[in-house]
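First the structure, in the form of structure tokens, and then the observations on it.
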Amino acid sequence: MEAGKAKMVHLEFQDLLPIMARKLGRDGLINELCKGFQILMDGDKGVITLESLKKNSVLLGLQDFSEAELKNMLMEGDMDGDGALDQIEFCILMFRLSPDLLDVAQQLLHKAPQKHK
């Protein structure tokens, strides 16, 4: 590495989710996932379609993904086979893409105040 040049670290979106979870807490993470869904969804249909994903992907730093990669991501999260992601499917996909996020989420749940019956 040349002197004076900062070392660049490449972080993938799924690498950032556990960091966000630790920083924001349970409610904050849920709010951010909802915002991400809102950014990517088709406003008329209320779901994320391939077209809305391609159109809005630059807003979340996904502009380097090919159409095939975006289509695969959509298909991976599409649990009901309708060709789109609803908000629940999107959130599940985000957790699946970031295995470390599940560990952080479980830690946050254990720290949450328990309601007594």
Side-chain angles (χ1 to χ4, degrees):
M1 182 166 54
E2 292 179 3
K5 296 264 181 170
K7 181 181 177 186
M8 296 193 64
V9 176
H10 178 71
L11 290 176
E12 297 289 331
F13 183 70
Q14 62 267 25
D15 298 328
L16 295 176
L17 287 174
I19 296 167
M20 289 171 52
R22 286 186 187 96
K23 183 175 180 178
L24 300 172
R26 180 189 66 195
D27 293 339
L29 177 63
I30 290 169
N31 287 336
E32 289 304 309
L33 286 173
C34 290
K35 286 179 190 176
F37 175 79
Q38 295 291 325
I39 289 170
L40 294 173
M41 78 171 197
D42 178 307
D44 294 330
K45 296 179 181 175
V47 294
I48 298 172
T49 63
L50 180 59
E51 292 75 27
S52 70
L53 190 57
K54 288 188 318 191
K55 177 181 168 189
N56 300 318
S57 62
V58 71
L59 300 172
L60 293 180
L62 303 174
Q63 67 273 7
D64 293 334
F65 283 60
S66 69
E67 182 172 334
E69 289 171 316
L70 293 175
K71 186 182 282 189
N72 285 338
M73 185 169 65
L74 192 67
M75 288 178 8
E76 184 176 338
D78 182 15
M79 296 169 61
D80 61 10
D82 67 354
L85 298 180
D86 62 28
Q87 191 165 6
I88 297 291
E89 290 171 327
F90 173 77
C91 290
I92 290 170
L93 178 63
M94 292 300 99
F95 276 87
R96 284 181 40 214
L97 290 177
S98 181
D100 292 341
L101 185 57
L102 188 55
D103 293 334
V104 173
Q106 289 174 339
Q107 292 169 6
L108 291 172
L109 285 174
H110 289 295
K111 291 180 183 178
Q114 301 295 317
K115 292 183 181 183
H116 296 287
K117 293 182 180 183

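Values below: all heavy atoms of this structure, side chains included; hydrogens, waters and symmetry mates excluded.
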*Closest heavy-atom contact between F37 and D86?*
CE1-C, 3.4 Å
*asked:* Keeping N56 on the side-chain end and S52 on the backbone end, is there a donor-acceptor pair under 3.5 Å?
replied: yes
_Is any side-chain heavy atom of F90 closer than 4.5 Å to one of L40?_
yes
_side chain to side chain contact (heavy atoms under 4.5 Å, CB included) partner of L85, chosen from I92, L74, L50, V47_ = L74
*Below 4.5 Å, heavy atoms only, C-beta onward: do N72 and M75 meet side chain to side chain?*
yes
*asked:* If I compare all heavy atoms of L93 with all of M73, which pair ends up nearest, and what's the gap?
replied: CD2-O, 3.6 Å
*Once you round to the nearest 0.5 Å, how far does CG of D42 lie from CD of E51?*
8.0 Å
*asked:* Please report the interatomic distance CG(L53) to CG(L70), rounded to the nearest 0.5 Å.
replied: 4.5 Å
*asked:* Can a donor-acceptor pair be found, under 3.5 Å and without considering hydrogens, that links the side chain of D78 to the backbone of D82?
replied: yes
*For K54, does the NZ atom have more than 12 heavy-atom neighbours from other residues, nucleotides or ligands under 6.0 Å away?*
yes
_CD1 (I88) with more than 12 external heavy atoms under 6.0 Å_ = no
*Passes side chain to side chain contact (heavy atoms under 4.5 Å, CB included), I48 versus M41? Steps please.*
CA-CA 4 Å; I48 298 172; M41 78 171 197; 4.1 Å; yes
